[in-house]
Q: 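Okay, here's the structure, questions in a sec.
This one's a predicted model, so the numbers in the text were calculated from it and none came from an experiment.
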Amino acid sequence: MAIQFCCTQCGQPIEVDDEHAGRTAACPYCRHLVAVPHESTYEPRAAVSARPLGPPSPPVMEATGPEQPHRVPVPPQRRRTARTFGLFALICAGLAAVLFTASMVLAASVVVPHVASAPANTLTDSQMRQIEEELGQTPAIAVTVFGAMFFAVAGLSLGIVSLTQNARGNWPGSIAVFVSGLMLLCFCAGMVMRVMQGFEGMGAG
C-alpha cells in the first residue's frame, strides 16, 4: 500500500511505499528532504503544478538518525601558522632528545667505571657520594641537561600552539608534544627521586 503526501517545500504530491513510513525522502521535484508520514495526507486540491527538476526519479530514502556534524574547513592562514609552529616544535623536540641522550652518555661514562671496579657490582655509600661529586663537577652534564629541559619546554609550548591552530593531520605538532612531554616527565621523576633520597639521607643522619 502506498503513502501519498505533499512536499512541504514545493507542494508537489509524492508517493512512496508504506514500508518507508517515518523515514526521510527527497522530493523528486525540488530535492528537498521531507519526512514521510505514517499514512496518506495527500489532498488533490492542495497540490501545486510544477515541473520536476530534470527527469522524474523515485524519492531517495535515507534512514533516520542523528545528523552527521558538518566539518568546518580550517582557514589557510591557520593551517600555515599551525604548520610553522609544528615544524619549530619538532625541531626543538629533536634537539631536546639529542641533548638528553648526550647527558645520559656523559653520566654513564662517570658511573660505569665505578660500577665495574666495585666488588659484585655493588656500590658503597662512599662510592655513591664520589659519583655524585664527579657528576656535579662535570660541566658538560649540567649544560646538556639544562639545554634538554629548555628545548623540551619550548617544543611542548610550540606544539600546543600548533595544535590549537589546527589539530587535524598535524603530525609535527603531535610528535613534538608527545616527545617533549615525555622528556619533561622523565626530568620531573628524576628530580622527585633526588628529593626523596635527600629526605632519606637526612632521616638516616
Side-chain angles (χ1 to χ4, degrees), residues 1-98 100-101 151-189 192:
M1 184 175 179
I3 298 176
Q4 297 178 341
F5 61 99
C6 291
C7 174
T8 57
Q9 181 72 14
C10 64
Q12 288 299 310
I14 304 174
E15 180 176 333
V16 298
D17 295 333
D18 58 353
E19 63 184 13
H20 301 301
R23 299 174 65 185
T24 305
C27 174
Y29 294 90
C30 66
R31 305 294 189 263
H32 181 71
L33 294 179
V34 293
V36 179
H38 291 278
E39 58 183 12
S40 296
T41 59
Y42 170 64
E43 297 180 3
R45 289 177 300 177
V48 179
S49 60
R51 299 180 60 185
L53 300 176
S57 58
V60 179
M61 308 308 301
E62 296 185 359
T64 58
E67 295 184 358
Q68 295 295 327
H70 179 65
R71 178 172 292 181
V72 179
V74 180
Q77 181 62 33
R78 292 188 61 179
R79 288 201 300 267
R80 287 193 295 268
T81 302
R83 190 183 309 114
T84 301
F85 277 94
L87 291 176
F88 279 114
L90 191 61
I91 293 172
C92 290
L95 292 174
V98 171
F100 179 78
T101 304
F151 284 110
V153 172
L156 181 62
S157 303
L158 294 174
I160 291 175
V161 173
S162 175
L163 292 177
T164 56
Q165 293 296 313
N166 181 26
R168 295 198 298 264
N170 189 355
W171 61 267
S174 301
I175 294 176
V177 169
F178 175 77
V179 173
S180 300
L182 184 62
M183 281 189 293
L184 288 176
L185 185 63
C186 293
F187 284 130
C188 292
V192 170

Q: Supply the atom-to-atom distance I3 CD1 to D17 CG, rounded to the nearest 0.5 angstrom.
A: 8.5 Å

Q: Let me confirm one number: the CZ-CG distance from R168 to L163, rounded to the nearest 0.5 Å.
A: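 So the CZ of R168 and the CG of L163 are separated by 13.0 Å.
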
Q: Is the closest side-chain heavy-atom distance between V36 and T24 below 4.5 Å?
A: no

Q: Only counting residues at least two apart or in another chain, list the ones meeting side-chain hydrogen bond (donor to acceptor under 3.5 Å, both in side chains) with Q4.
A: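 Only E15 meet the side-chain hydrogen bond (donor to acceptor under 3.5 Å, both in side chains) criterion with Q4.
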
Q: Identify, with sequence neighbours excluded, every residue that meets ring-ring contact (aromatic ring centres under 6.0 Å, His included) alongside F187.
A: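 For F187, the residues satisfying ring-ring contact (aromatic ring centres under 6.0 Å, His included) (neighbours in sequence not counted) are F100.
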
Q: Can you list everything that forms a side chain to side chain contact (heavy atoms under 4.5 Å, CB included) with V98? Sequence neighbours excluded, please.
A: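 Per chain and number, V98 pairs via side chain to side chain contact (heavy atoms under 4.5 Å, CB included) with no residue.
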
Q: Is there any side-chain hydrogen bond (donor to acceptor under 3.5 Å, both in side chains) pair reaching into residues 85-96, and which pairs are they, with sequence neighbours excluded?
A: none

Q: Could you tabulate the donor-acceptor pairs under 3.5 Å formed by side-chain atoms of residues 80-92, not counting sequence neighbours?
A:
from : atom 1 : to  : atom 2 : distance (Å)
R80  : NH2    : Q77 : OE1    : 2.8
T81  : OG1    : Q77 : O      : 2.9
T84  : OG1    : R80 : O      : 2.9

Q: Suppose we screen for side chain to side chain contact (heavy atoms under 4.5 Å, CB included). Which residues come up paired with L185, at least two apart in sequence or across chains?
A: none

Q: I'd like to know if the side chain of R78 reaches the main chain of T164, judged simply by a donor and an acceptor atom lying under 3.5 Å from each other, with no hydrogens or angles considered.
A: yes

Q: Indicate the atoms forming the closest heavy-atom contact of M183 with A96, along with that distance.
A: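 Taking M183 first and A96 second, the nearest heavy atoms are CE-CB, 3.2 Å.
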
Q: Please give me the minimum heavy-atom distance between P13 and Y29, naming the atom from each residue.
A: O-CE1, 3.8 Å

Q: Does V34 have any side chain to side chain contact (heavy atoms under 4.5 Å, CB included) partners at least two apart in sequence or in another chain, and if so, which?
A: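 Only F5, C7, T8, I14, H32 meet the side chain to side chain contact (heavy atoms under 4.5 Å, CB included) criterion with V34.
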
Q: Sequence neighbours left out, what passes side chain to side chain contact (heavy atoms under 4.5 Å, CB included) with A167? Give chain and number order.
A: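 For A167 there are no side chain to side chain contact (heavy atoms under 4.5 Å, CB included) partners, ignoring immediate neighbours.
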
Q: So which pairs with a foot in residues 170-182 pass side-chain hydrogen bond (donor to acceptor under 3.5 Å, both in side chains), sequence neighbours left out?
A: S162-N170

